[in-house]
Amino acid sequence: MRNRFCTIFALVITTAALLTSNVLADDDHADDSNEVKYRHSVMAAMSDHFAALAMVFTNRVDRPNDLLVHAGALAKTAPLIGTLFPDGSQGGAALPLIWEEPDQVAAAAQEAADATAALAQAAAGGDRATITKAFKEAGNACKGCHERYKEEDD
Ligand code: ASC
């Protein structure tokens, strides 16, 4: 029993170390704080689900059942956005303006949460026009916030 616990513990630690080193190796921001890295990881996860959902929806892959997976992941993750900018976590691609207008940021984060919830609901309903509209609105919620609060990509 004790041995098995040790094995599992070792696996968890090794996996965590591997993943962390992967993030560090990949990242332009190796010196960033863990809060900044975490913010980046969560945002990148959403970006990837958004991209995967688009591939499914436009039939670039024949995986109709995956639509719900990605829409659900977005709807589950987006409520974190409002928590990703605690005091002291300045840095990364986040512009300082975020910490100067927290109410506006909270409203924008809520908008993203609402838009992804609507997208998940649309995906569950299965109507293409409704999904298209919800997809665009979710994209606009991401984009609107990034335009005001995110450093431009190079
Ligand atoms: C993404 C991503 C963004 C937004 C934005 C939506 O998947 O990485 O920054 O969606 O492009 O318009």
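When a ligand or atom number is given, it counts from 1 through the structure's own listing order. Start at 1 with the first residue, then count along the sequence.
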| Applying a 4.0 Å heavy-atom criterion (strictly less than), which segment of Cys142 is in contact with ligand 1: side chain, backbone, both, or neither? | side chain
| So Leu97 and Arg148, side-chain contact (heavy atoms from CB on, under 4.5 Å) or not? Walk me through it. | CA-CA 8 Å; Leu97 184 61; Arg148 185 166 178 82; 3.9 Å; yes
| field | Short N or O distance, Lys143 and ligand 1, threshold 3.5 Å exclusive | value | no
| query | Which residue owns the protein heavy atom closest to atom 8 (O) of ligand 1, what's the atom, and how far is it? | reply | Ser47 OG, 2.6 Å
| request: May I ask you to decide if the ring planes of His49 and His70 are parallel, tilted or perpendicular, using 30° and 60° as cut-offs? | output: tilted
| remark: the protein heavy atom lying closest to atom 6 (C) of ligand 1 turns out to be Gly139 O, 3.2 Å
| In terms of residue, atom name and distance, what is the protein heavy atom nearest to atom 10 (O) of ligand 1? | Phe50 CD2, 3.6 Å
| said: So does Leu80 get a backbone contact from the side chain of Thr83, meaning a donor-acceptor N/O pair under 3.5 Å? | reply: yes
| note | Restricting to heavy atoms, the pick from Lys136, His146, Met46, Met43 nearest atom 3 (C) of ligand 1 would be His146
| task | Might you work through the side-chain contact (heavy atoms from CB on, under 4.5 Å) test for Met43 and Tyr38, ending with a clear yes or no? | result | CA-CA 9 Å; Met43 293 295 194; Tyr38 180 70; over 6 Å; no
| query | Is Arg39 paired with Glu35 through a side-chain N to carboxylate O contact shorter than 4.0 Å? | reply | no
